[in-house]
A.B. asks: 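Once you've had a glance at the structure underneath, I'll fire off some questions.
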Amino acid sequence: MMRLHKVYHRLSLLSISISVSPLSLSLKPTTHFSSASPPAGRRPRRSFASLRSVRNATTMATSRLRNLVPLNAILAEDGTGGGSNGSVSSSSSSSASAAALADDEDDSTTEVGYRLPPPEIRDIVDAPPLPALSFSPQRDKILFLKRRALPPLAELARPEEKLAGIRIDGKCNTRSRMSFYTGIGIHQLLPDGTLGPEKEIHGFPDGAKINFVTWSPDGRHLSFSVRVDEEENSSSKLTVWVADIETGKARSLIQNPEIYLNAVFDNFVWLDNSTLLVSTIPLSRRDPPKKPIVPFGPKIQSNEQKNIIQVRTFQDLLKDEYDADLFDYYATSQLVLASLDGAVKEFGPPAVYTSMDPSPDQKYVLISSIHRPYSFIVPCGRFPRKVDLWTADGRFVRELCDLPLAEDIPIATNSVRKGMRSLNWRADKPSTLYWVETQDGGDAKVEVSPRDIIYTQPAEPLDGEELEILHKLDLRYGGISWCDDSLALVYESWYKTRKIKTWVISPGSKDVSPRILFDRSSEDVYSDPGSPMLRRTPAGTYVIAKIKKENDEGTYVLLNGSGATPEGNIPFLDLFEISTGNKERIWKSDKEKYYETVVALMSDEKEGDLHVDQLKILTSKESKTENTQYYLLSWPEKKACQITNFPHPYPQLESLQKEMIRYQRKDGVQLTATLYLPPGYDPSTDGPLPCLIWSYPGEFKSKDAAGQVRGSPNEFAGIGPTSALLWLARRQGSLCLFAILSGPTIPIIGEGDEEANDRYVEQLVASAEAAVEEVIRRGVAHPNKIAVGGHSYGAFMTANLLAHAPHLFSCGIARSGAYNRTLTPFGFQNEDRTLWEATTTYVEMSPFMSANRIKKPILLIHGEEDNNPGTLTMQSDRFFNALKGHGALCRLVILPFESHGYAARESIMHVLWETDRWLQRYCVSNATDVNADVDGSKENVGPGAADSETKAVAASGGGGSEGSNFEDEGFHSRQRTTRSKLAMSSSDLLPREGFC
């Protein structure tokens, strides 16, 4: 579903939009296969060099020419793995599949090269992506930001520097693996709600890669960066361009050809309608530092002060002083003021600037930077951080804070950095700052009241003017929605209790006491009142929209809610009176066929009060079979006008069957899943199908919350490039091959003082049993042909289920998982106890410790360059060796150059081929009772194995956060209060791959 967010995006690994070359590199993923009974005639496994050599080989382009294979030649290597010619539930189907597989016996070898899945899957993945959308500040124009399909592997193979928790493309001086747009089209939004003809932005080089598209405050210009392909499979450095909206003509903003954009952190921002503040590569910069052949000395870390420092297993950290120098080299910027008339002026000294945030009145700029001393154990988000205040013309005003290195933030959830944080401009004031300071030392385990204090202060306070305390909080600060001096909403929450509170405050009236507006559990989606809708101000900021009713002096706001109910989500828009709490539902989604949501307020282009009978909102509308389209809805008639007409992305699945099903776990917990069935399938006549269950566990504090329904039965089935739903298209002749049970809830519940993970395995198995029993009861799944799979924490789930519930599944597919919790001793996922505090839990949750019990076929897939905390590639390597050491039927596929999520077309197609092959061999073709190996799985369980589940296991690595590099989030997409950039895109808003 498309939503509003910033037009530009960084590091969207799963949405890199680059052209697919007519030639495909015939390189090979590393594959290892192990089975207790290897197929006869299999060639001995050979090792081969890592593809990392591609990065540094200067003659690779010519030496690898012989390995370039035309795509049509590779298409012959479908390797579909066979299938049935009859009913998939009949014994004859197994024989037919086995016969087909015999023709492809070499597929199980370790040197298969990159392969392609069957055409019905490949066609969906290769479908052209839809454009992203962005509305002008005046809501009268829409940008269509165009994208290409999946990138080739060569794009990922480009050299990159892994420094301080980030990855840098040194050639472009930006983040590596960065997605881009290929073109920009402008449409006028006509008075009747329809779109005018497209006007193409033109003037930039052919083949330009476009990033960071932003509107000027007055909507008359666009700014964006441009880079072009150069020789040796590299891109040029980035330059800043501007385009005139009326003419569509684009030109370079800075005429000096030696000035390039430095986009390692922030890039550029509009200060007013004609001036941008741009982060550039310093002109004085020379060649990068060279790594000394002989090191200066040993690498030493010390804790002779006996500090308690617990950190998770962050990746890509600085390793030595050379790395620190290299980080400085690439990250140091020179800020410049660049005007549309061509004038360029330096702004401050060179430094490692991380963000630039202009004040609403355009008079000041908040400049954040990081500086030494750096750390070798935490990413750059925890480096010393300084925030300075400057005038918009480049005069230094004052230092607001200089925070020290933060290596000692406790691992407990809701722990934060000491000192000033969340320093921003008030959206409703010209130039007033606000920030938060913790009172518990940043440690969530410290009991104190208040826990956080919100302060506010003018940009340039008068002599003797004291800080103003805006509000005190006993939970952890969660943000502010500003309106005016009479109204602001303050949010606080606490993860351990799932408590979330919303306060009403009057920032300009000290005599008005704050009061609680909502006090609820964040898990209780049924009680969610919705969020206030925001309107754009003339200054370009966003504040709560106050709504007027005829002959009514009340203070009304619009609450936009998801509308969770036991029948599924029914989004709504409420007119809410702040003082009394009375509400009137002025709009809600159709619940019979469609799923509609409110995306944005569109009647805020003019100043003054907004009247309820003059509202205009942007909505989205979709159904099970109709993809998302956008509409303008106008009051008082609530007339809807469709403004987009995107084609169906995969018409071959237009009539797929989707049902949200409910069932119960044996302990009484209500569970939900989405059951997908192929087009035209009828269980009463076609019989049960092989079934793939794909899921991801979640933690809850209450059974009631865990049992609530989330999502809508009418949502369109979005299919990503590695989605399990791709197998809905898999056919053998005219027969459907798969049912898909997507996202069955796997709640791990810890009520009261109970820790959820202490009963992880028990609850995991109970949830899986309930899901399997339900699909069998419905007659859609063959009991001997049910596979389970997941990515990240879902892979962890998959391995545990094969270890502890082998009677349920015929095989498993685990992608980019972590399997040994002793390698993440300082917490993982939402577990904030250490290995030494919860030894038994860590050991019992680790499928690595139960490798001797896994007898069902398991396919492990992992990116060779996984930088997600907790899911080191080593996790899959060691798990595979443990499985192989106990004779398990297993296969390990390591994808060169891939990170936690897979991006390259070659990699994605191969993952799909491996997955399809595994499902064909061990699910579709499985003719044995899934219970046959259950007793056998216990044959190697002896005293030693039993001890392994009760004794502490020595940790051999640091801790692992199962999240993305959250310490660096502020540098990836810092929210600006003054120049919010709106965009909508289904693939820009990607599933968060950070948790595993």
A.B. asks: Which value, rounded to the nearest 0.5 Å, describes the distance between Leu726 atom CG and Asp123 atom CG?
C.D. replies: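 Spacing of CG (Leu726) from CG (Asp123) equals 11.0 Å.
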
A.B. asks: Could you work out, with ring-ring contact (aromatic ring centres under 6.0 Å, His included) as the rule, every residue matching Trp918, not counting sequence neighbours?
C.D. replies: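 Trp918 satisfies ring-ring contact (aromatic ring centres under 6.0 Å, His included) with Tyr922 only.
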
A.B. asks: Between Glu914 and His910, does any side-chain donor sit less than 3.5 Å from a side-chain acceptor?
C.D. replies: yes

A.B. asks: For Asp316, enumerate each residue passing the side chain to side chain donor-acceptor pair (under 3.5 Å) test, keeping only those at least two apart in sequence or located in another chain.
C.D. replies: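 For Asp316, the residues satisfying side chain to side chain donor-acceptor pair (under 3.5 Å) (neighbours in sequence not counted) are Arg167.
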
A.B. asks: Among all residues two or more places apart in sequence or in another chain, which pass the ring-ring contact (aromatic ring centres under 6.0 Å, His included) test with Phe879?
C.D. replies: Tyr819

A.B. asks: Cut-off 3.5 Å, side chains only: do Asp866 and Thr873 have a donor facing an acceptor?
C.D. replies: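 Absent: no donor and acceptor within the cut-off.
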
A.B. asks: Indicate yes or no: at least one non-hydrogen side-chain atom of Pro649 is less than 4.5 angstrom from one of Asn627.
C.D. replies: yes

A.B. asks: Between Glu898 and Val911, does the side-chain contact (heavy atoms from CB on, under 4.5 Å) criterion hold? Intermediate values first, please.
C.D. replies: CA-CA 11 Å; Glu898 294 290 352; Val911 166; over 6 Å; no

A.B. asks: Could you go step by step and tell me if Leu808 and Ile786 meet the side-chain contact (heavy atoms from CB on, under 4.5 Å) rule?
C.D. replies: CA-CA 7 Å; Leu808 298 177; Ile786 300 177; over 6 Å; no

A.B. asks: Considering all heavy atoms of both residues, which atom of Leu153 and which atom of Ser907 are nearest to each other, and what is their separation?
C.D. replies: CD1-OG, 3.8 Å

A.B. asks: Give the C-alpha distance, both sets of side-chain angles, the deciding distance and a yes or no for side-chain contact (heavy atoms from CB on, under 4.5 Å) between Phe848 and Arg878.
C.D. replies: CA-CA 8 Å; Phe848 180 87; Arg878 293 187 177 180; 4.1 Å; yes

A.B. asks: Check whether any side-chain heavy atom of Asn926 lies under 4.5 Å from a side-chain heavy atom of Cys811, and answer yes or no.
C.D. replies: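 They are not in side-chain contact.
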
A.B. asks: By salt bridge (Lys or Arg N to Asp or Glu O under 4.0 Å), which residues pair with Arg665, not counting sequence neighbours?
C.D. replies: Asp667

A.B. asks: What class does the angle between the rings of Tyr793 and Phe828 fall in, given that below 30° is parallel, 30 to 60° is tilted and above 60° is perpendicular?
C.D. replies: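 Rings of Tyr793 and Phe828: tilted, 30 to 60°.
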
A.B. asks: Just jot down the salt bridge (Lys or Arg N to Asp or Glu O under 4.0 Å) partners of Glu120, sequence neighbours excluded, or say none.
C.D. replies: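 Glu120 satisfies salt bridge (Lys or Arg N to Asp or Glu O under 4.0 Å) with Arg730 once adjacent residues are dropped.
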
A.B. asks: State, to 0.1 Å, how close Leu671 and Ala770 come at their nearest heavy-atom pair, and which atoms those are.
C.D. replies: CD1-CB, 3.9 Å

A.B. asks: Please round to the nearest 0.5 Å and tell me the distance separating atom CG of Asp126 and atom CZ of Arg905.
C.D. replies: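 Interatomic distance, Asp126 CG to Arg905 CZ, rounded to 0.5 Å: 4.0 Å.
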
A.B. asks: Could you tell me which non-hydrogen atom of Met797 sits nearest to which non-hydrogen atom of Ser695, and how far apart they are?
C.D. replies: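 Shortest heavy-atom contact: CE-O, 3.7 Å.
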
A.B. asks: For the pair Ser850 (side chain) and Pro847 (backbone), establish whether a donor and an acceptor sit closer than 3.5 Å, ignoring hydrogens and angles.
C.D. replies: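 Such a contact is absent between Ser850 side chain and Pro847 backbone.
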
A.B. asks: Report yes or no: does Thr745 contribute a side-chain atom to a donor-acceptor pair with the main-chain N or O of Thr672 at less than 3.5 Å?
C.D. replies: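 Present.
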
A.B. asks: Can you check whether Ile719's main-chain N or O pairs, donor with acceptor, with Tyr650's side chain at less than 3.5 Å?
C.D. replies: yes

A.B. asks: With rounding to the nearest 0.5 angstrom, report the CG to CE distance, Leu764 to Met845.
C.D. replies: 8.5 Å

A.B. asks: Distance check, rounded to the nearest 0.5 Å: Ile121 atom CD1 versus Gln652 atom CD?
C.D. replies: 11.0 Å

A.B. asks: Are the side chain of Gln657 and the backbone of Pro678 linked by a donor-acceptor contact shorter than 3.5 Å?
C.D. replies: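 Yes; judged by distance alone, with no hydrogens or angles, the pair exists.
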
A.B. asks: Applying side chain to side chain donor-acceptor pair (under 3.5 Å), can you list everything that pairs with Thr915, at least two apart in sequence or on another chain?
C.D. replies: Arg815

A.B. asks: Using every non-hydrogen atom in the two residues, find where Pro683 and Gly779 come nearest and quote the distance to one decimal.
C.D. replies: CB-O, 3.7 Å

A.B. asks: List for me each residue that meets side chain to side chain donor-acceptor pair (under 3.5 Å) alongside Glu654, sequence neighbours excluded, and say none if there are none.
C.D. replies: none

A.B. asks: Where is the tightest heavy-atom contact between Gly794 and Tyr696, given as atom of each residue plus distance?
C.D. replies: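 Taking every non-hydrogen atom into account, N-CD1, 3.7 Å.
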
A.B. asks: Quick check: do Leu130 and Pro647 have side-chain heavy atoms less than 4.5 Å from each other?
C.D. replies: yes

A.B. asks: Check whether any side-chain heavy atom of Trp694 sits under 4.5 Å from a side-chain heavy atom of Ser742, and report yes or no.
C.D. replies: no

A.B. asks: Is Arg177 salt-bridged to Glu160, going by a charged N under 4.0 Å from an acidic O?
C.D. replies: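 Yes, charged N to carboxylate O under 4.0 Å.
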
A.B. asks: Look at the side chain of Lys658 and the backbone N and O of Lys624, then say whether any donor-acceptor pair between them is shorter than 3.5 Å.
C.D. replies: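 Here the side-chain-to-backbone pair does not exist.
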
A.B. asks: Just to verify, what does Glu773 make a salt bridge (Lys or Arg N to Asp or Glu O under 4.0 Å) with, not counting sequence neighbours?
C.D. replies: none

A.B. asks: Do side-chain atoms of His791 reach the backbone of His900 as a donor and acceptor pair under 3.5 angstrom?
C.D. replies: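 Confirmed, His791 side chain pairs with His900 backbone.
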
A.B. asks: Would you please name every residue forming a side-chain contact (heavy atoms from CB on, under 4.5 Å) with Ile661, sequence neighbours left out?
C.D. replies: Glu659, Tyr663, Ala673, Leu675, Leu741, Glu774, Arg778

A.B. asks: Does Asn820 use its side chain to pair, donor to acceptor, with the backbone of Met849 at less than 3.5 Å?
C.D. replies: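 Checking the backbone N and O of Met849 against the side chain of Asn820, no donor-acceptor pair under 3.5 Å is found.
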
A.B. asks: At their closest point, which heavy atom of Cys923 faces which heavy atom of Cys691, and how far apart are they?
C.D. replies: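 Looks like SG-O, 4.2 Å.
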
A.B. asks: Please assess His886 against Arg853 for the test side-chain contact (heavy atoms from CB on, under 4.5 Å), listing each intermediate value before the final yes or no.
C.D. replies: CA-CA 9 Å; His886 290 89; Arg853 302 178 62 176; over 6 Å; no

A.B. asks: Any side-chain heavy atom of Phe809 sitting closer than 4.5 Å to one from Leu802?
C.D. replies: yes

A.B. asks: Under the ring-ring contact (aromatic ring centres under 6.0 Å, His included) rule, collect the residues that match up with Tyr760, sequence neighbours excluded.
C.D. replies: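 Scan of Tyr760 (ring-ring contact (aromatic ring centres under 6.0 Å, His included), adjacent residues dropped) gives Phe796.
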
A.B. asks: Suppose we screen for ring-ring contact (aromatic ring centres under 6.0 Å, His included). Which residues come up paired with His862, at least two apart in sequence or across chains?
C.D. replies: none

A.B. asks: Without swapping roles, check the side chain of Ser925 against the backbone of Gln920 for a donor-acceptor pair under 3.5 Å.
C.D. replies: yes

A.B. asks: Please list, chain by chain and in numerical order, all residues satisfying side chain to side chain donor-acceptor pair (under 3.5 Å) with Arg710, sequence neighbours excluded.
C.D. replies: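 For Arg710, no residue satisfies side chain to side chain donor-acceptor pair (under 3.5 Å) once neighbours in sequence are set aside.
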
